[in-house]
Structures are given as structure tokens and as C-alpha cells.
Amino acid sequence: MNFANQLVQWYHENKRDLPWRHTTNAYIIWLSEVILQQTRVEQGLPYFNRFLAAYPTVTDFANASEDEILKLWQGLGYYSRGRNMLKTARLVRDEYKGNFPDTYQELIKLKGIGEYTAAAISSFAANEARAVVDGNVYRVLARYFGIDEPINSTKGKKLFQQLADEVLNKEQPGLHNQAMMEFGAVICKPKNPACGICMVRLGCEAFKTNATTQLPVKLKTVKVKERFFNYFLITDGNRILMNKRTGNDIWTGLYDLPLVETPTLPETHEIVTLPQVKAYFGPKLEIEEAFGLQKHVLTHQRLIVRFVKVKSKPVLFEPDWFYVDIEKLHKLALPKIIFKFLTNFFKFENNSLFSN
DNA sequence: AAGGCGGGGTG
DNA sequence: CACCCAGCCTT
């Protein structure tokens, strides 16, 4: 029995029971696949359940507003996934009569669906013979076949896709794809792979040469930028001044507070002297309360965040600023750090800002 | 081809 | 602390 078929047999005996494995509904599979992009199963699972309950069909999804989608997406990260899903759902509603495509050719055209997701949906929903290549598959193939070509170089991506196509079981591609990924997630893990109980270790090049820790090879790590955020809390206890984030920065489409970003972190008493702050609040700004610094770590950015509550009201309003009733705050999608701060400040129940 | 995009888990 | 996670889009 070859390598791939051994994995399928292992999968039959050891697979986790996950809700999206009980359906061939392309919409439901799409939902799960996009949620799981760059996201662990355990983290994505509750979001999948909430989304499916809120939007049982792609037309239900398409009829939602972007605010509603982002609110439900709150805390999951990579929010462009949610925004792209809405575009795709509306296109499926309007151009495909609400029938979600299940062929690779059609799927690859849709916003937010790349090679991996198109292969996943078409193989799971329609048993189309397309090999998925995700982080798990890169790792399994690199180790088993002892390939040290970087997985994120153009040459490497092509090579691994070809190899995945070669080993693909064309009779049951969906099962094969699931098995490859499940095996990578459960046995052939990034760190401390479970080689001791691995059924293919005798054929594994990395195991034979003791190279599992060296593979797969990946080029260059992301450099982390430091940014300094000064957030202004302006509230009378009934309303609060909020900001809708636009453009190409982080958290596009989500809501935070009036913000002045600075190249370094000013002392609290220096905030008043910042030109941008003077522009917003006039020459004399009254700081009512300064809160402790918070660090917020993203994959590619390190945010040093200071919140200050001010008495003064702005004399200059950005177009994206608006007052909202505190009771309506729970409808807005908030970045994690804003969510935590507001929950703590207003002494909301732990989850009252989470749902709409 | 390279850079940007969240938040959480792991060792 | 570094690395990784059922990747994709823009430039």
C-alpha cells in the first residue's frame, strides 16, 4: 500500500468528528474553509457554528450587512475574509441563483477563494480530483519525501503542488485531501511530531535521516513593526465617540476610538502638545484619566496602545467619527484590544459586547 | 516577487 | 521569544 492510501486508512480510524465533514453542501464547506484559513480548527469551530446558525443558506449570508458579518467575525482576525465572503455571497445570490458553485474553474474566480480553497471545496463537495496544498500538506510532503526546497518560494510552491497532484488518489480525492491535512494536524505536527505512533515513518525520509526538525524549509521571517497608538475616550456615560476604520490599514471595516498615531510614545503630559491633538481638541485639552499602557501583538505589528479619557469635546471631527449610544455599542465589530478596554471601562458583562 | 493582513496556541 | 495555523489579495 502506498503512502497516500496508508494515510486514508489512518484517517478512517482516527479522524476527528467535525461538523463540516458531514455535508457535501458547497456553501457550508465554503463557510468552514474560509473560516479555517490561517486558523486552527479549535479557534474556528465556534465561529462556524454561529455563522451557519445565523445564515443557513448563501442567500441568507448575502442579505446580511457588512456590519453584521464583521460583528459575527469579531475576534477571528483577518477581517478581509469576512468582507470578501459577503461579496462572493452576493454574487452567488445574484449571478448563480443562490446555487453555490462546486467546480474548481468557477470557484477560483470568486473573491477570497484561492487555489487551496477552490481545491478543497471542489474535492469535498463534488469529488473533483484537485489536490489541496495547505500548511499541513507542505509539511507532510516535505518530510516524507525529504524535500528542502523552500515552501514559500515560487519554485517550491510549484514543486509541492505537482507532488501533491502526483500522490492524489483520483478515485476519492476528497477523502485523500482530508486525510493529508488531518494527518499533518494531528501526527505530523510542526513541533514534536508523533513519529513514535506514525504508521508511515519507515518510508519517511525525514524520519530516516532524523531531519523532521529541519523540514519544511521556509524563507525569511516577517519583520515586526512597532506602532504607537493614542486612543481618546470621549463619553458622557450615555454616548461614546467612535471611529469607523477605512483604507488599507489593519482592522478595515471595524470600529475603534478617535486615534492619534505617533512615531514614538509621548508621555501623558506631552499628549496635549501634539499638533494633531491640538487640531482635534483645540489648544487646551483636559485629560481626565490616563490608563496603563497596553501591548497588542499582531503577526506583523507590535502595537503600544495608550487610552486616555478626556473631558474636552473635539472641535474638529474626522468624517469617520460618530457618536453612538452605549446601549448600541454591542452592534459594532471591535478589534480585540478595543473590545477589552471598553468592556473593562463600562464594566460590561464579559460577553455582552460580543453578540449583536 | 514581496508585503500586508489578527488572534491564539505551543515549546 | 519564535514559529505556526485547512491562505488570499494587492502592488
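Numbered from 1 within each chain, the chains take letters A, B, ... in sequence-line order.
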Query raised in the report: Taking A:K309 as the fixed residue, which of A:E286, A:E288, A:E289 is the one that meets the salt bridge (charged side-chain N to carboxylate O under 4.0 Å, His left out) rule?
Result: A:E288

Requested in this report: Tell me what A:K189 touches on the nucleic acid: a base, only sugar-phosphate, or nothing, going by heavy atoms under 4.0 Å.
Outcome: nothing

Report task. For A:L76, answer base if it contacts any base atom (sugar-phosphate contacts may also be present), sugar-phosphate if it contacts only those atoms, and nothing otherwise; contact means non-hydrogen atoms under 4.0 Å. Result -> base

Query raised in the report: Touch check for A:S153, heavy atoms < 4.0 angstrom, all strands: base, sugar-phosphate only, or nothing?
Result: nothing

Query raised in the report: Looking across every strand, which nucleic acid part, if any, lies under 4.0 Å from A:K223 by heavy atom: base, sugar-phosphate, or nothing?
Result: nothing

Query - Any donor-acceptor N/O pair under 3.5 Å between C:dG7 base and A:T117 side chain - result: no

Query raised in the report: Ignoring hydrogens and angles, are the base of C:dC4 and the side chain of A:R40 linked by a donor-acceptor pair under 3.5 Å?
Result: yes

Query raised in the report: So what does A:R83 hit on the nucleic acid, given a heavy-atom distance under 4.0 Å: a base, only sugar-phosphate, or nothing?
Result: nothing

Query raised in the report: Between A:P335 and A:K220, which is nearer to the 5' end of DNA chain B once each is assigned its nearest nucleotide?
Result: A:K220

Query - Proximal nucleotide (of C:dC4, C:dT10, C:dG7) relative to the A:K111 side chain - result: C:dT10

Query raised in the report: With sugar-phosphate meaning primed atoms plus P, OP1 and OP2, does A:W20 contact a base, only sugar-phosphate, or nothing at under 4.0 Å between heavy atoms?
Result: base

Requested in this report: Answer yes if the ring centres of A:W321 and A:F232 are under 6.0 angstrom apart, and no otherwise.
Outcome: no

Query raised in the report: Starting at the 5' end of DNA chain C and moving along, which residue's nearest nucleotide shows up first, A:G135 or A:K191?
Result: A:K191

Query raised in the report: At under 4.0 Å between heavy atoms, what does A:N84 touch on the DNA or RNA strands: base, sugar-phosphate, or nothing?
Result: sugar-phosphate

Requested in this report: Look at all strands and tell whether A:Q301 reaches a base, only sugar-phosphate, or nothing, counting heavy atoms closer than 4.0 Å.
Outcome: sugar-phosphate

Report task. Assign each of A:N248 and A:Q37 to its nearest nucleotide of DNA chain C by heavy atoms, then name whichever residue's nucleotide is nearer the 5' end. Result -> A:Q37

**Report entry** A:T39 vs A:K155, nearer the 5' end of DNA chain B by closest nucleotide
**Finding:** A:K155

Query raised in the report: Is there a donor in the side chain of A:Y255 and an acceptor in the side chain of A:D67, or the other way round, less than 3.5 Å apart?
Result: yes

Report task. Would you indicate what A:S80 reaches in the nucleic acid, counting non-hydrogen atoms under 4.0 angstrom: base, sugar-phosphate, or nothing? Result -> nothing

